[in-house]
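Heads up: the structure comes next, in structure tokens.
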Amino acid sequence: MIKIYSTLTRQLEEFKTIEPNVVKWYNCGPTVNGLMHLGHARSAIAFDTIRRYLEYRGYKVNYIMNFTDIEDRMIEVANQEKRSVLEVAEEYLSYFRRDMASLNLKPATVHPRAMLHMNPMIEFVQELEEKGYAYESNGDVYFDVRKFKEYGKLSNQKIENILQEGTEDAKNPNKKFPADFALWKAMKPGEPYWPSPWGKGRIGWHSECVLMSGLYLGELIDIHSGGQDLIFPHHENEIAQAEALRGKPFVNYWLHNGFINIDKEKMSKSLGNFVNIVELLEHYSADAVRLFILQTHYRSPIMFTDDVIDQAQVTSDRLFDVILLTKNYADEIMEKDESKLSELDKKLIEKTEKARNDFIEAMDEDFNTSNGFAVVFKFSNDVNDYLRKAENINSSAIKEADKLFDEFRSILGLYEDFNSYLSLDKVEKLIKLLIEIRGEYRKEKNWEMSDKIRDDLKEAGIALEDTPKRILWKLTE
RNA sequence: GCGGAGUUGGCAGAGUCGAUAUGCAGCGGUCUGCAAAACCGUGAACAGGAGUUCAAAUCUCCUACUCCGCUCCA
């Protein structure tokens, strides 16, 4: 049984989907006005892993993650760079896709974009207005939070404590009440716009996600997720719109990931202390970054220091080694005689089963990847031990271990590409070395050994050709 | 001010009433022609104070400190 902590109830709850074996999940994605940084990566990796785990547990996960491409900051950046918002969005979007791929993040089922959904959003705001939850004011449209009695329930705040006087937004004279939030923003000079019943303007950020989640997943969804900073006001405002309009619940489980801190401060765009993913990946592998993030439970804060990510790199490399060694042996064709299982074989098989169960147990408890990794590391010790101590490596035992490593890798999103590890460059060096050694044998007229090397290589798909001047080699098959 | 999370060994980080978390780094050992790797063992922690309990890192209260949200932000 999977348990999930929901921000709304502030406790662990049994995970039950609306439809059997299907998860409807909306994750609030980034605003594409800059490069992907470690904070985005934390959120994306945490939820990517949870998604992968749910898939492992047999769910079909319909995972929607938006890209916000029209927003105050988008316009700001566009003006700074003297380009259109669309151009800015296109460029950073492509960078995001690139960085997400390099972190081995699975693409969402759909990545919707606000700009492409302007008409249904306008209709959505109109409906809110018709039902009396929204009011127009000088071309803006605001949500009247006092009309929604449960406002504040997600962030656990009383309406009178929200938005104190003196904050920028509370002073907005178009609002009836300081906490009211914009559904539609009237165009200012130089801004992009869409026509609407209230004049030229654009959609407010908080409406985008409600509308798009409804469009792609339906009115009630299983999971809605994002960073902890989105609890208020963003998700609070989503609930207000969705539930006011529809008169029924919007989301069953609210998931929020913790932040990454640098020097005891949160990493954020506004503080300018963020670490870009492109730059980080120049020094550390994507696997190390994923491991660094997943070693900590997704709701806890992470302190970023060079030391800690260095440690993660070492750990990641060690883990990779044992998985690679296992794969090397699992790929070999060995006699499969299960009646000849040694004590060590049997023990390894037992440990494999136990590790799988322990891992599932850890992950079932609100996706506790810390405990999950503890299981993975213990198991990797056992396998390392087996690989060195077993008299004969039994194919059924090592293949089970390899299979479990594959499961771990696919859930945690680690070491996806073994082929790139065995690069042609390395193969080339290896072949040249063998040719050199064979040359020594030929000098000694040790034809038995030199022929063996040539024959065995040929069988492995590497053909050697002895020509007068040099030895040519090529890969066959 | 209001709301929330937290303070665990050298570092990171789980655990939440009774077991050895785990990783990195130490230290010792095993293996070993050399090198490397690996495995095993080991030391070391529960912010401070009071209370509840047979038993508390784990529950309650108090104190101190940290972080987050209340403003665009993952």
Side-chain angles (χ1 to χ4, degrees), chain A residues 7 10 27-31 33-34 36-47 65 68 71-77 152 154-164 166-171 178-179 181 205-206 225-236 255-261 263-272 274 291-319 321-322 325 358 362 365 368-389:
Chain A
T7 307
R10 285 177 284 279
N27 182 42
C28 278
T31 303
N33 61 9
M36 185 181 197
H37 62 69
L38 194 55
H40 297 122
R42 204 257 163 115
S43 184
I45 289 170
F47 294 129
M65 174 173 155
T68 297
E71 227 277 323
D72 291 16
R73 284 276 299 148
M74 290 294 304
I75 294 167
E76 232 176 82
V77 171
L154 183 69
S155 54
N156 195 28
Q157 298 180 89
K158 293 198 171 88
I159 202 162
E160 56 270 24
N161 291 331
I162 295 173
L163 272 200
Q164 298 180 326
T167 62
E168 201 64 29
D169 219 30
K171 281 185 197 156
F181 57 90
W205 177 42
H206 305 304
S225 58
Q228 262 165 14
D229 55 337
L230 298 185
I231 295 172
F232 189 90
H234 187 53
H235 287 163
E236 192 72 71
L255 270 61
H256 293 99
N257 66 275
F259 268 74
I260 292 198
N261 298 320
D263 297 329
K264 296 206 166 183
E265 257 185 344
K266 85 167 185 176
M267 176 183 295
S268 76
K269 283 182 194 168
S270 51
L271 293 170
F274 50 86
L291 192 137
F292 162 71
I293 283 165
L294 294 174
Q295 262 180 333
T296 306
H297 184 81
Y298 74 94
R299 283 192 281 116
S300 304
I302 297 181
M303 185 82 92
F304 177 84
T305 64
D306 290 344
D307 246 27
V308 174
I309 190 139
D310 282 344
Q311 285 181 15
Q313 184 68 61
V314 173
T315 306
S316 166
D317 291 345
R318 278 198 37 187
L319 185 58
D321 282 348
V322 63
L325 290 172
D358 288 351
E365 195 77 6
N368 195 323
T369 48
S370 307
N371 284 337
F373 267 111
V375 175
V376 173
F377 291 134
K378 270 206 122 168
F379 180 65
S380 72
N381 286 349
D382 292 335
V383 175
N384 258 326
D385 207 27
Y386 173 85
L387 285 170
R388 286 163 176 84
K389 290 199 180 141

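Below, chain A is the first sequence line, B the second, and so on; all start at residue 1.
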Roughly how far apart, to the nearest Å, are [N] and [M] at atom [atom1]?
N: B:G6; M: B:G15; atom1: C1'; result: 15 Å
N: B:G4; M: B:U8; atom1: P; result: 22 Å
N: B:G33; M: B:A19; atom1: C1'; result: 44 Å
N: B:C59; M: B:U16; atom1: P; result: 10 Å
N: B:A38; M: B:G10; atom1: C1'; result: 24 Å
N: B:G41; M: B:U20; atom1: C1'; result: 12 Å
N: B:A25; M: B:A12; atom1: C1'; result: 11 Å
N: B:A74; M: B:U42; atom1: P; result: 47 Å

Which whole-number value in Å describes the distance from [X] [atom1] to [N] [atom2]?
X: A:Lys389; N: B:U32; atom1: NZ; atom2: P; result: 12 Å
X: A:His206; N: B:C70; atom1: NE2; atom2: P; result: 11 Å
X: A:His234; N: B:G69; atom1: NE2; atom2: C1'; result: 15 Å
X: A:Leu154; N: B:G4; atom1: CG; atom2: C1'; result: 12 Å
X: A:Gln228; N: B:G69; atom1: CD; atom2: P; result: 9 Å
X: A:Asp385; N: B:C39; atom1: CG; atom2: C1'; result: 5 Å
X: A:His40; N: B:A74; atom1: NE2; atom2: P; result: 4 Å
X: A:Asn156; N: B:C68; atom1: CG; atom2: P; result: 20 Å

Over all atoms of both residues, closest heavy-atom pair of [X] and [Y]:
X: A:Leu319; Y: A:Val376; value: CD1-CG1, 3.8 Å
X: A:Arg42; Y: A:Phe259; value: NH1-O, 3.4 Å
X: A:Cys28; Y: A:Leu230; value: CB-CD1, 3.6 Å
X: A:Leu154; Y: A:Arg10; value: O-NH1, 3.7 Å
X: A:Ala362; Y: A:Gly372; value: CB-N, 3.7 Å

The nucleotide from B:C73, B:G69, B:A74 with an atom nearest the side chain of A:Phe259 is B:A74
What pairs of donor and acceptor atoms, side-chain ones from residues 301-309 of chain A against any protein atom, are under 3.5 angstrom apart with sequence neighbours left out?
unit_1, atom_1, unit_2, atom_2, d
A:Thr305, OG1, A:Val308, N, 3.2

**Item:** Check: A:His256 ring centre within less than 6.0 Å of A:His235 ring centre
**Value:** yes
Base, sugar-phosphate or nothing for [X]? Non-hydrogen atoms, less than 4.0 Å.
X: A:Leu38; result: nothing
X: A:Gly39; result: base
X: A:Gly258; result: base
X: A:Glu71; result: sugar-phosphate
X: A:Ile231; result: nothing

* Asked: Does the A:Thr315 side chain pair with the main chain of A:Gln311, one donor and one acceptor, at a distance under 3.5 Å?
  -> yes
*Side-chain (A:Glu236) to main-chain (A:Gly152) donor-acceptor, under 3.5 angstrom*: yes
When rounded to the nearest 0.5 Å, the distance separating NE2 of A:His297 from CG of A:Asn257 is 10.5 Å
Dot-bracket assigned to RNA chain B with the 3.5 Å Watson-Crick/G-U criterion, [ ] for crossing and | for other-strand pairs, is (((((((..(((.....[...))).(((((.......)))))....(((((..]....))))))))))))....
Protein heavy-atom contacts under 4.0 Å, written 5' to 3' over nucleotides 8-26 of chain B as B (base), S (sugar-phosphate only) or - (none), form the string ---BSSSS-----BSBB--
In terms of side-chain heavy atoms, does A:Glu71 have a donor or acceptor partner in A:Thr31 at a distance below 3.5 Å?
no
